[in-house]
S.K.: 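A single structure is presented below for examination.
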Amino acid sequence: MSPYRPSEIEPKWQQKWSDARVAEIDVAAPGDKLYMLNMFPYPSGDLHVGHGRNYILGDALYRYFRMQGRAALNPMGWDAFGLPAENAAIKRGIHPRQWTMSNIVREKKQFQRWGILYDWSKEIASCHPGYYKWNQWLFLKLYERGLAYRGTAPVNWCPEDKTVLANEQVVDGKCERCGAVVEQKELAQWFLKITDYADRLDAGLDKLENWPDKVKTMQRNWIGRSVGCDIEFEVPTLGRSIRVFTTRPDTIYGATFMVVAPEHPIVADLIADHPDRAGLEAWINGVRNQSSLERQEAGKEGRFTGKHARNPFTNELIPIWLGNFVLMQYGTGAIMAVPAHDQRDFEFARQYGLPMRIVITKGGELPDVSAMTEAYTVKDESAVAVDSDIITGLAAPKAIDRICGEVEKRRIGKRMIRYRLRDWLISRQRYWGTPIPMIYCDRCGLVPVPEKDLPVELPLDVPFTGREGNPLAKHDAFVNVKCPQCRGAARRETDTMDTFVDSSWYYARFISPRDDTKIFDTKMVNRWLPVDQYIGGIEHAILHLLYARFICRVLHDLGLTEVEEPFTRLFNQGMITKEGYRDPSQNNSWVPLNEVEMRGGKAFRGPTELVPEVGKMSKSRFNVVPPDELIERYGADTERVYTLFIAPPEKEAAWSDEGVVGAYRFLGRVWNMGEQILSSVLGPRSSDGNGAGDIERVIRKMHRTIDAVTRRFDRFEFNTAISALMELSNTIGEYMAAGGRDARLRDAFTVLLQLLHPFAPHLTEEMWAMFAKKGFILTSAWPIADESLMQEDFVTIVVQVNGKLRGQIEVPNPPEEGVVMAAVQSNEKIQTWVAGKKVVKTIYVPGKLVNVVVR
RNA sequence: GCGAAAGUGGCGGAAUUGGCAGACGCGCUGGACUUAGGAUCCAGUGGCCCAAAGCCGUGCGGGUUCGAGUCCCGCCUUUCGCACCA
């Protein structure tokens with residue numbers, strides 16, 4: 001008998017799987033297709049156990065589906081363009097390509113060491129010209145359809161990364177990547193017209209039944225669909241009108257002033273003859289130069305323009321104000337202010353002493369305010385009621401409809417659906433990305449690169465200085481080209497694409513990854529898409545997942561696929577956190593783990609007690625757990641089992657070095673059990689009928705475990721699936737310890753191996769091989785539970801009266817009513833009361849409680 | 001501020017439809033084997049109590065029910081998301 005030595009068995013099986021290409025699949029072969037996909041990673045170098053959780057989870061699921069006989073596809077690739085590669089080039093003088101490629105090699109090795117099976121024949125890397133060529137092709141198609149355009153707009157500029165960013169990449173006014181405060185700049189940039197798809201992207205969410213509600217809510221909020229009405233307010237002294245958007249046109253009788261965004265084009269005219277024009281302009285410029293963050297922190301501020309507009313429903317002339325809380329980017333950049341029915345308008349009105357009017361809609365009574373804001377409930381003294389004329393007596397939905405109808409009849413506006421979503425800014429002033437295939441010609445203007453000239457290859461011979469400006473712009477051979485139309489001298493676009501373009505369609509490329517002639521094979525893509533199970537982090541709830549849904553619809557509209565939604569089922573795994581330490585005497589800087597000394601359960605560096613802090617693993621906090629050492633000592637199977645056992649997979653989980661030992665011990669016990677069973681002489685039928693030594697008990701437990709683990713796989717409850725396997729292993733262990741030697745023990749154990757296989761593939765393969773050597777033929781198919789064997793044959797009925805033990809009896813399962821009654825054996829008149837289908841029963845005797853507990 | 005989710009031992013966490021609260025594991029305590037134990041195995045481990053019996057226990061306060069971690073009402077706390085979107 002040899003002890004469990006994962007370091008000896010694991011590399012052997014990894015090599016075998018790799019040599020036999022077990023995960024390679026022919027997409028054209030028949031079968032019950034299942035497309036599994038983990039979000040492809042950015043190859044940043046070292047993967048830690050937190051990344052491991054994500055891929056191990058996917059692998060366990062993939063192996064489970066394989067065992068069930070599904071034709072499962074599980075490909076992997078690399079989201080290989082991006083800033084860190086370029087930063088490494090600037091910092092360390094390594095070319096981004098070289099840096100990226102060497103990281104890919106390392107990460108691929110790591111996947112193998114985790115025992116993860118991918119179909120490497122379909123590997124893709126977005127930085128490969130064979131891939132990004134189709135990025136460029138897709139861009140040209142978008143351009144042809146008017147879905148890619150060059151426009152000037154105030155955009156987000158990250159001063160740290162020296163590039164513009166998409167709105168989705170700005171979090172709380174800061175750069176999502178580096179945390180620098182984002183500035184606003186007016187620049188000409190490339191946009192993709194995602195707003196054209198806002199309605200479909202919003203409506204499509206309803207059909208995604210197997211997506212987490214949280215992600216759907218986040219997308220819905222981000223798209224921000226609002227149903228309302230545009231209404232013109234005439235400015236008599238200018239002979240023009242100002243258009244506003246409102247979702248509550250029924251409150252228009254209470255509109256006592258207007259507020260216009262300081263950036264609104266009409267502002268120049270509004271203040272042209274203002275006595276303090278200079279002062280107003282200074283104020284406007286002040287607001288303009290604020291970042292969105294500063295603007296919000298400043299609170300509500302405004303200035304009166306001196307002009308008035310006519311409320312089209314009350315005919316009253318109302319003052320026009322400028323206000324910092326009105327945003328040019330949303331709606332029309334102007335609002336009608338109804339202070340009695342809107343919180344923001346209320347605050348503004350109160351601050352500047354503007355009038356308030358309560359709109360009465362229901363027969364002289366106060367309106368239904370449930371959908372209105374605090375402003376109304378405050379009942380400001382100055383608020384007076386106003387007659388609501390044509391909507392008097394109507395409930396809000398009807399009143400809204402009536403006003404909209406009137407507005408349209410009078411041709412002063414129309415019903416409108418507006419979105420918060422803005423177009424996707426895809427140009428980046430950085431080198432390591434897909435070149436945008438466009439050419440600027442002085443005579444012909446914007447000229448797309450002809451399809452036959454694709455790919456526009458990224459030149460490799462550029463210097464990396466870190467100074468402002470894209471290094472591509474200094475590469476003369478790249479920049480200076482002939483115009484494809486007039487053959488005259490022209491300049492190439494030097495911006496590259498946002499890397500989220502690369503990842504917006506990669507799931508389709510896996511189906512025909514080497515095809516030079518087209519973006520993908522439509523017939524095969526229609527067979528394999530959508531992805532049945534997509535796995536990745538919640539950080540992509542909006543970014544990647546929204547873009548992918550958008551581009552998938554574009555591909556559909558181009559006639560390239562039949563699918564609209566790329567991912568049927570989505571799972572977001574939780575992060576793994578780990579304790580790190582900060583030194584309060586050193587400005588709370590992070591302390592490397594090798595300088596931390598544990599004394600009495602507390603952490604010290606020299607005499608200073610350190611402050612522990614649990615958080616996401618990152619190099620700067622020195623709390624990264626690298627898998628290498630762990631795998632060497634305990635094996636990949638241990639890491640796999642521990643990682644999935646630690647917590648429900650969607651939850652955040654704290655890494656504990658001690659906890660790993662538990663998983664290791666469990667696998668060690670399984671190993672020893674297998675060895676013992678192999679070397680024992682098992683008899684044909686040696687059930688001695690009771691307690692731990694009863695083989696029937698083991699068999700019943702086995703069937704219950706098959707059932708439990710199968711159900712838990714389908715519900716992503718890996719932690720309890722593993723605990724069920726530990727229970728089965730304990731039951732088998734007890735049977736063996738009690739001296740049981742029935743041959744069916746081997747069946748129970750091999751089922752344990754099968755159920756354990758997705759979690760600990762190396763150990764189980766090794767054991768299977770050992771069994772095979774002794775002549776036992778095993779199958780690697782997923783076992784099926786026999787329901788008739790899941791229940792206990794006999795149960796013990798324990799009768800308690802008022803909590804006191806009255807009697808105990810063993811009866812066949814399920815117990816009959818009469819048997820239960822007999823067990824109670826009391827003189828009292830008894831009513832039986834049976835709850836649900838459970839075998840637990842309570843008998844109620846007036847004044848007493850009789851609990852019949854079935855064990 | 002608005003919205004959502006969650007509060008269970010020393011810790012991670014279990015508990016179909018209301019039905020033995022604390023599965024499984026870590027840690028801890030004791031023991032075995034050891035030159036040694038940070039390896040392995042065995043036993044114990046929610047709290048009160050020497051122990052038994054018993055009592056108390058799922059954030060807090062009410063309620064429904066024979067029976068509530070689970071359902072209802074009102075709070076408190078934490079986490080996440082949104083945050084001038086008219």
Side-chain angles (χ1 to χ4, degrees), chain A residues 3 171-172 212-215 217-218 220-226 228-229 244-249 251 255 258-259 261 292 295-300 323-327 329-338 341-345 347-348 373-374 418-422 538 541-542 641-642 645-648 651-666 668-669 672 708 711 715 717 719-730 733 737 798 800 803-804 831-855:
Chain A
V171 178
D172 292 336
D213 289 335
K214 187 180 175 183
V215 174
T217 307
M218 283 168 77
R220 209 165 267 132
N221 289 342
W222 188 262
I223 296 166
R225 183 176 193 267
S226 294
C229 186
V244 304
F245 173 67
T246 176
T247 54
R248 293 299 303 269
T251 63
M258 282 185 85
V259 190
S292 59
R295 185 159 165 173
Q296 223 178 102
E297 279 164 2
K300 286 191 179 51
N324 65 346
F325 70 102
V326 176
L327 307 172
Q329 306 92 309
Y330 184 78
T332 59
I335 61 160
M336 64 175 205
V338 187
H341 302 284
D342 183 281
Q343 171 98 39
R344 295 151 303 182
D345 299 346
E347 284 168 20
F348 193 80
T373 55
E374 210 182 297
R418 289 190 182 269
Y419 301 89
R420 203 190 85 119
L421 184 70
R422 278 177 263 157
I538 186 76
I542 294 171
V641 169
Y642 173 67
F645 178 65
I646 183 171
K651 274 193 70 169
E652 201 172 84
W655 185 266
S656 135
D657 293 326
E658 296 84 43
V660 176
V661 180
Y664 182 62
R665 283 205 276 252
F666 164 58
R669 275 198 297 273
N672 292 337
R711 278 202 324 250
R715 279 151 42 183
E717 295 168 352
N719 55 328
T720 51
I722 291 170
S723 77
L725 294 175
M726 288 171 169
E727 283 184 52
L728 177 58
S729 128
N730 288 346
V798 178
Q800 297 168 333
K804 295 208 172 142
Q831 304 168 346
T832 50
W833 194 92
V834 181
K837 281 173 275 178
K838 277 266 166 162
V839 282
V840 175
K841 299 180 185 207
T842 300
I843 296 170
Y844 179 68
V845 182
K848 287 178 177 166
L849 285 179
V850 183
N851 281 306
V852 179
V853 183
V854 181
R855 289 199 177 125

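Proteins get letters first, then strands, A, B, ... in listed order; numbering begins at 1 in each.
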S.K.: Please encode protein proximity along nucleotides 21-26 of chain B as a string of B, S and -, counting only heavy-atom distances under 4.0 Å.
M.R.: --BBSS
S.K.: The criterion is side chain to side chain donor-acceptor pair (under 3.5 Å); which residues satisfy it with A/R665, sequence neighbours excluded?
M.R.: none
S.K.: How far, in whole Å, is B/U70 from B/G61 if one measures between their P atoms?
M.R.: 13 Å
S.K.: From CD of A/E717 over to P of B/A14, roughly how many Å is that when rounded to an integer?
M.R.: 8 Å
S.K.: For a quick check of understanding: with a heavy-atom distance under 4.0 Å over all strands, which category does A/V326 fall into, base, sugar-phosphate or nothing?
M.R.: base
S.K.: Regarding A/L327, tell me which of base, sugar-phosphate or nothing describes its non-hydrogen contacts under 4.0 Å with the strands shown.
M.R.: base
S.K.: Over all heavy atoms of both residues, which pair between A/I542 and A/M218 is shortest? Give the atoms and the distance, please.
M.R.: CD1-O, 4.0 Å
S.K.: Only counting residues at least two apart or in another chain, list the ones meeting side chain to side chain contact (heavy atoms under 4.5 Å, CB included) with A/S226.
M.R.: A/F245, A/T247, A/Y330
S.K.: Go nucleotide by nucleotide along RNA chain B from the 5' end; which of A/Q329 and A/T217 gets its closest nucleotide reached first?
M.R.: A/T217
S.K.: List for me each residue that meets side chain to side chain contact (heavy atoms under 4.5 Å, CB included) alongside A/Q296, sequence neighbours excluded, and say none if there are none.
M.R.: none
S.K.: When the nearest nucleotide of RNA chain B is assigned to A/S226 and to A/R715 on a heavy-atom basis, which residue is associated with the more 5' position?
M.R.: A/R715
S.K.: Starting at CE of A/M336, measure out to CG of A/D345 and round the result to the nearest 0.5 Å.
M.R.: 8.5 Å
S.K.: What is the distance, to the nearest angstrom, from the OH atom on A/Y664 to the C1' atom on B/A39?
M.R.: 9 Å
S.K.: Please, what dot-bracket string fits RNA chain B when only Watson-Crick and G-U pairs with both distances under 3.5 Å count, crossing ones use [ ] and pairs to another strand use |?
M.R.: (((((((..(((......[....)))((((((.......))))))(((.....)))..(((((..]....))))))))))))....
S.K.: Please enumerate all residues that pass side chain to side chain donor-acceptor pair (under 3.5 Å) together with A/R420, with sequence neighbours excluded.
M.R.: none
S.K.: Tabulated below should be each protein N or O lying under 3.5 Å from an N or O of nucleotides 34-36 of chain B; please produce it.
M.R.:
none

S.K.: Are there any protein N/O atoms within less than 3.5 Å of an N/O atom in nucleotides 5-9 of chain B, and if so, which ones and at what distance?
M.R.:
none

S.K.: For A/E727, which residues count as a side chain to side chain contact (heavy atoms under 4.5 Å, CB included) partner, sequence neighbours excluded?
M.R.: A/K701
S.K.: With the 90 degree cut-off around zero defining syn, does B/G9 come out syn or anti?
M.R.: syn
S.K.: Who pairs with A/R225 by side chain to side chain donor-acceptor pair (under 3.5 Å), at least two apart in sequence or on another chain?
M.R.: A/D199
S.K.: For A/R422, which residues count as a side chain to side chain donor-acceptor pair (under 3.5 Å) partner, sequence neighbours excluded?
M.R.: none
S.K.: In whole Å, what separates the P atom of B/A21 from that of B/A68?
M.R.: 11 Å
S.K.: Which value, in whole Å, describes the distance between the C1' atoms of nucleotides B/C26 and B/G74?
M.R.: 38 Å
S.K.: Would you indicate what A/K214 reaches in the nucleic acid, counting non-hydrogen atoms under 4.0 angstrom: base, sugar-phosphate, or nothing?
M.R.: sugar-phosphate
S.K.: CG of A/D342 to CZ of A/R248: how many Å apart, nearest 0.5 Å?
M.R.: 10.0 Å
S.K.: List in chain and number order the residues that pass side chain to side chain contact (heavy atoms under 4.5 Å, CB included) with A/A334, two or more places apart in sequence or in another chain; answer none if no residue qualifies.
M.R.: A/I242, A/V244, A/V260, A/H264, A/T332
S.K.: For a quick check of understanding: with a heavy-atom distance under 4.0 Å over all strands, which category does A/G299 fall into, base, sugar-phosphate or nothing?
M.R.: base
S.K.: Using whole Å, what does the distance between atom P of nucleotide B/G3 and atom CZ of A/R420 come to?
M.R.: 18 Å
